[in-house]
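As structure tokens, the structure follows; a few thoughts come after it.
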Amino acid sequence: MTHDGTSKDRQLAGFRVNAAEGTLTTDQGIRVDDTDNTLRPGERGPSLLQDFHFREKLTHFDHERIPERVVHARGAGAYGYFEPYDGSLSEYTKARFLTIPGQRTPVFVRFSTVAGSRGSADTVRDVRGFATKFYTDQGNFDLVGNNMPVFFIQDGIKFPDFVHAVKPEPHNEIPQASSAHDTLWDFVQLQPETTHMMMWLMSDRALPRSYRMMQGFGVHTFRFVDSAGRSTFVKFHWKPRLGVHSLVWDETKKIAGQDPDFNRRDLWEAIENGDFPEWELGVQLVPEEDEHRFDFDLLDATKIIPEEEVPVRPVGRLVLDRNPDNVFAETEQVAFHLGNVVPGIDVTNDPLLQARLFSYLDTQLIRLGGPNFTQIPVNRPVAEVATHHRDGYHQTTIHKGQASYHPNSVGGGCPALAGDASAYTFYTQQVDGPMIRKRAESFNDHYSQATLFWNSMSVWEKKHIIAAFRFELGKVGRKHIREGVVRNLAHVDHHLAVAVAEGVGVTPPERAGETHKRSSPALSQAVDPVRDVATRKIAVLVADGVDASDVTAVAEALTGRGAVCEVLASRDGSVRGANGDRVEVDRSIKTVGSVLYDAVYVPGGDESVEELGKDGDALHFVTEAYKHGKAVAGSGEAARSLLERAGVPASAEGVVTGNASAAEFTNAFTEAVAAHRHFGRDSEHVPA
Ligand code: HDD
């Protein structure tokens, strides 16, 4: 028996004569003794319409699906809390949840991909959604952001055009969850404002190793408003405690086959294991009077404020510590909306943001079937709700009394208007101008920040970007589209445009004038990366005859620092150790692949290593891990030569050989795993 915990439910609980949890009933509470056979006259007769249990079961099943989100359909969510470090933001905002030190505000966060359907793979090249619902004591605040700080378009009126272009093409519904097709790139080449975002999309940011290892951005410029009504512009940033780390493209394609749930599984397992993901909230603050101080418009969502110009000020932390109980009820039915703001936070005139203020509520009405979706538990504020809204589909509140209007005397004037500073009031802004459809001149520079991004990348990041453009445009059938994109890229960087042109068989473009040399180191994943082995997965390859002490030495060193070691062999169960003891196997190598691990280790034991050397799966495992830039280790001479046979030079960066019983070995391997990837290796091994 299910009940939703409303007060009515609790009241009725005392009257429940049928309340034996565990006995199957109909929706009307009638106990059921058979749910396997329809009612029929005679064993071989037709099913009877009067079988109410059968009809109810089928009807409910037939109505189980609701429309998936038109974008961000595939997601994974979790609960947790946010707490500010101190009260220093109260100088800028009266939002209580940001200014009361240590006060925990419950949150629900939903991560998502954008383009794919609900059942699509997690690791496709795509933007990731990072939407946070703060259940504050002043009402719900939704920060509906992405893992990239800019967007494809400047005005929300173009959102349907962009989404139609990126989604599978309408005549054959191909390709699923991929931007590598004609219509997206056609839109891109004709709409140069997409250029900056396309640089991000072609970068490794579009391939996060984990939701726990990606940044989040509010994207738009918002406003903070203090208790005196003074406004400060603000951009929101989430920084993951584990650092920002990505997969490589070849790997993502393979994971999409081996474990399409890779990112959601990772989030789920981390939380179940008590490795609670954590982010730091930061803000960039710009005083109202500095609005026009930049060489771009603060209202243009295709632009960042470089962190070197306006530093990100850390203000609090987000911790996710509870998985949902039911994905449909919570992760699917959660309804985010940019219009959910609390006193102290306000919107700006950014035309993309303004369109979102309309679209999110509108989309919830069709998706969740009416205006009462705010009563669904995951959407319910913790702050008290008292409205004159009545009726509508799926109304679960039993409103009492006769007055559902304002002003009223019949209901004692209730609910009354807030007569004090606790009410939400919009920032008082002077707006005046002719009614026109026109974009401001200050939105016209589509290339400078794309160049800034490119200039800020390390050599390996640039290689990955070129490879990504070549892959995506290589899938575009129409040559004029490829040419158009390359022409736009010439405004970003001539070398980039030529490298892409050469890869996709179009004439390299002329130099489109000098591009600037500025960079913003904070944009690179290679600058000052967080090094940590916590929750990293290490594959330990073994066979009969393995040196069990080699297994233990590395497993203890790494798990001691929070990593996860899994012993893989050609079959499940256990293998015989060199000393005769059994060594437990976690998984058969046939059920996994190197792409599901961060590093690989071959312990010593001559017989074991010889056996692995004859096993094509094991050799491939090592070769592939190395190719993807991962740490590789081998203990003893035999393992070292096995690595060489697998194409892994012992002298390469991130490759550790020697003896596992030595502290230098385990320390070096731990360091190599903590580095995430070793792209400084021989360039022929870096996909480029
Ligand atoms: Fe959006 C969902 C993020 C522009 C219209 N968007 C959606 C979600 C995220 C974003 C994370 C999923 C929320 C969830 O998990 O339920 N969207 C963004 C960002 C944007 C952006 C960061 C630019 C800065 N979006 C944008 C525009 C429009 C929309 C310009 C329309 C004018 N977005 C929607 C939507 C969705 C949505 C159609 C689909 C499902 C939903 O809202 O609830 O209304």
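Bear in mind that the values here come from a model prediction, so they are computed numbers and not experimental data. Whatever order the structure lists ligands and atoms in, that order sets their numbers, starting from 1.
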**Report entry** Pairing of R223 and E288 as salt bridge, 4.0 angstrom limit
**Finding:**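 Yes, this pair counts.
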Should the pair F108 and F336 be assigned to parallel (<30°), tilted (30 to 60°) or perpendicular (>60°) ring geometry?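 Ring orientation of F108 relative to F336: parallel.
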Is there a heavy atom in G75 that sits closer than 4.0 Å to ligand 1?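 It does not; every heavy atom stays at 4.0 Å or beyond.
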- Sorted by chain and residue number, which protein N/O/S atoms are under 2.8 Å from atom 1 (Fe) of ligand 1?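 Listed by chain and number, the atoms are Y360 OH.
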Please state which protein non-hydrogen atom is closest to [atom] and give its distance, to 0.1 Å?
atom                    : value
atom 30 (C) of ligand 1 : L352 CD1, 3.5 Å
atom 15 (O) of ligand 1 : R110 NH1, 2.7 Å
atom 13 (C) of ligand 1 : F336 CD1, 3.8 Å

Practice prompt. Only heavy atoms count here, so choose which of H220, R69, R128 is nearest to atom 24 (C) of ligand 1.
Written response: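 Result: the heavy atom closest to atom 24 (C) of ligand 1 is in H220.
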Handout entry: Closest approach of S448 to H516 (non-hydrogen atoms, all atoms of both residues)
Key =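 Answer, listing the atom of S448 first, then H516: O-NE2, 2.8 Å.
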Could you tell me whether E289 atom CD has more than 12 heavy atoms of other residues or ligands within 6.0 Å of it?
->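 Yes - once you tally the heavy atoms of other residues, nucleotides and ligands closer than 6.0 Å, there are more than 12.
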With sequence neighbours left out, what residues match [X] under salt bridge (Lys or Arg N to Asp or Glu O under 4.0 Å)?
X    : answer
E461 : none
D325 : none
R439 : E193

Assess, by modelled atom type and distance only, whether the side chains of Q215 and H237 contain a donor and an acceptor separated by less than 3.5 Å.
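No, H237 and Q215 have no side-chain donor paired with an acceptor closer than 3.5 Å.
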(message) Would Q364 count as a polar contact of ligand 1, with the cut-off being nitrogen or oxygen pairs under 3.5 Å?
(response)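 Yes; the residue has a nitrogen or oxygen that sits under 3.5 Å from a nitrogen or oxygen of the ligand.
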